[in-house]
Amino acid sequence: MPLVDPITMASAVSKKGASSQTATIEPSTSPTAETYNLLPVSINQTPLAQTLRHAQPLLLSGVLALGFSSLVKDPVAAMSSTTLPLTAALQAAYAVICLPVAGRGSSAPTKKAKPRPGEKPTKKKAGEGGNNAYVLAVLSLLITALVTPFIYVAMILFGAPLLTHGSHTLLCAAHLSLLGLFPLFYVHGVDASAWAAVGGFRAPLDETFGGLVGALVGAWLGAVPIPLDWDREWQRWPLPLQPVPSTTTSPPKQTEAKHYKGFVAGVFSGIAKLAVGHPFDTLKVRLQTSPPTRFTGPLALGWMFMDSVMLGSLTFYRRLIHDNFFPGYHNPSDPHLPPNTIRLPTYAHGLAGILSGATVSFVAAPVEHIKARLQIQYSSHKSSRFYSGPVDALHKIYKHHGIRGIYHGLGATLIFRGCFFFWWGSYDVFSRWMRNHTSWSAPVINFWAGGLSAQVFWVMSYPSDVVKQRIMTDPLGGGLNDGQPRFKRWKDAARAVYRENGPRGYWRGFLPCFLRAFPANAMALVAFEGVMRALPE
């Protein structure tokens with residue numbers, strides 16, 4: 001049986017028999033799909049493999065369907081004793097029978113070696129990897145198990161309970177690892193070049209990488225019914241208890257603050273905003289920072305989502321302000337305020353917006369800085385760009401300018417996000433008016449109030465955003481050799497905008513931004529408020 005390289009999990013070839021073995025592919029030193037020649041993974045051509053590749057989704061769905069009632073009744077017991085081992089067995093069988101082993105099928109195809117005179121051709125069992133396939137399947141399962149704690153930590157960071165329901169979260173992470181990562185480990189091993197292509201979404205969308213994308217998208221789609229109020233009783237956790245009749249009327253109990261809710265809801269808000277507002281963001285940046293004749297129409301590319309931090313901190317500051325300054329506040333003109341809503345006057349909502357804007361700025365500043373520099377690179381050839389990607393940009397800027405260079409533009413970001421006062425203040429005004437003057441449902445109110453308040457925000461803040469983008473795309477100079485810095489202070493950039501284009505310069509690119517603001521933020525607020533209502537108090 002061929003030996004397995006413990007690092008790349010590719011078949012080791014001895015010098016003596018190198019001529020009769022399939023040539024291994026040495027990973028490139030540059031972790032890109034182009035240099036590694038990462039090709040779509042070819043499914044084995046045996047009849048069994050071709051049958052199983054189509055039956056695998058049905059088999060996995062059948063496991064969940066057959067254990068559905070058990071999952072609802074006792075998720076931990078059902079997942080640990082039934083769905084997890086069956087999923088692992090099905091995935092292992094699928095890999096051995098259908099997929100090429102690590103080092104084959106993911107790079108340039110190689111010809112099969114002919115047997116020597118007098119030798120009989122070796123018959124492969126199950127898949128085309130022979131006995132080696134079983135070894136790689138076991139190793140891949142072990143690596144998948146080792147990665148599962150990292151998936152668990154990621155789920156905690158995205159809002160899963162830290163001190164409770166640990167078994168639920170860990171088992172969920174194990175299922176995601178098996179469905180999304182195990183086939184990739186089996187095919188690519190732990191080769192850095194291949195995983196750089198996977199992590200950078202430069203890998204071909206074959207059955208292995210597509211499985212990872214499908215697992216992530218499926219996990220999100222499974223949660224869509226919750227913010228849209230389409231959920232059934234069995235989807236709620238914990239399961240609802242039967243109400244106990246009471247003959248006395250008592251004020252609602254003050255429940256313990258659940259600060260995680262805002263962060264979890266913010267994740268869904270960011271996904272909704274990404275899906276709806278994706279095409280307009282690059283256009284806005286390029287219109288703000290490029291020569292007037294370069295761009296005249298909508299272009300695509302993106303939005304980096306930080307809504308979890310922004311909306312999570314907004315919820316936290318709302319509760320903090322309420323508990324310390326407005327513990328007994330009640331607005332008699334808003335009798336239809338939903339239960340469990342934090343009661344604040346409009347200006348207090350605006351103040352919470354300013355504080356959340358300042359908080360998220362420390363996350364947003366480096367993200368938007370790197371994004372802005374990448375978006376103004378117009379070369380169609382990646383090799384001729386100054387930065388090859390976000391990691392390269394971070395490395396170069398940090399090498400020559402340190403943390404201060406990474407946070408270039410933080411002051412401008414704080415000024416821009418100080419205008420969150422207008423966003424969340426106007427959101428409260430619109431929401432209160434619609435609750436008391438229409439018969440609309442809560443999601444409809446969230447949609448219209450979210451879209452309109454976002455447009456108020458952009459009308460008030462757009463000039464400061466133009467200045468911010470000028471600062472973030474200004475050359476840093478020094479050892480980076482990207483040009484000579486022009487702006488030492490915020491006011492220098494503001495004056496440059498006026499000097500070059502007059503008052504109209506502060507509104508350059510406003511139209512695509514304004515068009516994006518309503519639908520993107522309307523859907524984001526529907527998702528945010530829906531998840532906030534769905535999560536337990």
Side-chain angles (χ1 to χ4, degrees), residues 56-94 141-142 144-183 211-244 255-256 258-268 271 308 312 527 530-537:
Q56 181 74 353
L58 297 176
L59 293 173
L60 291 171
S61 301
V63 169
L64 297 178
L66 292 175
F68 180 76
S69 58
S70 301
L71 283 169
V72 174
K73 184 178 180 180
D74 191 345
V76 172
M79 285 192 289
S80 58
S81 64
T82 306
T83 61
L84 186 62
L86 287 178
T87 300
L90 286 173
Q91 288 291 85
Y94 167 74
L141 284 172
L142 291 175
T144 302
L146 293 174
V147 171
T148 296
F150 295 96
I151 306 298
Y152 171 81
V153 172
M155 295 177 71
I156 295 293
L157 295 176
F158 275 91
L162 175 62
L163 302 178
T164 61
H165 298 84
S167 300
H168 300 74
T169 306
L170 183 60
L171 287 167
C172 180
H175 280 76
L176 282 176
S177 298
L178 279 172
L179 293 171
L181 297 177
F182 168 74
L212 174 61
V213 175
L216 298 176
V217 173
W220 172 60
L221 291 177
V224 166
I226 298 176
L228 295 181
D229 291 333
W230 295 344
D231 50 324
R232 306 293 186 263
E233 293 301 322
W234 55 264
Q235 288 177 291
R236 303 174 190 265
W237 182 263
L239 295 177
L241 301 176
Q242 294 295 328
V244 179
T255 58
E256 182 182 358
K258 303 292 185 183
H259 299 307
Y260 78 92
K261 291 176 59 177
F263 293 94
V264 177
V267 173
F268 289 91
I271 294 172
S308 179
V531 174
M532 290 290 289
R533 289 191 296 270
L535 291 173
E537 285 293 331

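Listed by chain and number, the residues in a side chain to side chain contact (heavy atoms under 4.5 Å, CB included) with L170 are T148, Y152 (sequence neighbours excluded).
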- prompt: Step by step, would you call L181 with L176 a side-chain contact (heavy atoms from CB on, under 4.5 Å)?
  reply: CA-CA 8 Å; L181 297 177; L176 282 176; over 6 Å; no

Residues 77-88 side chain polar contacts: donor-acceptor under 3.5 Å, at least two apart:
unit_1, atom_1, unit_2, atom_2, d
S80, OG, V76, O, 2.7
S80, OG, A77, O, 3.3
S81, OG, A77, O, 2.5
T83, OG1, M79, O, 3.4
T83, OG1, H175, NE2, 2.9
T87, OG1, T83, O, 2.6

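Of all the heavy atoms in Q91 and L60, the pair that sits closest is OE1-CD1, 3.9 Å.
Formation of a donor-acceptor pair under 3.5 Å by the Q56 side chain with backbone atoms of L90 is found in this model.
To the nearest 0.5 angstrom, F182 atom CZ is 10.0 Å from L142 atom CG.
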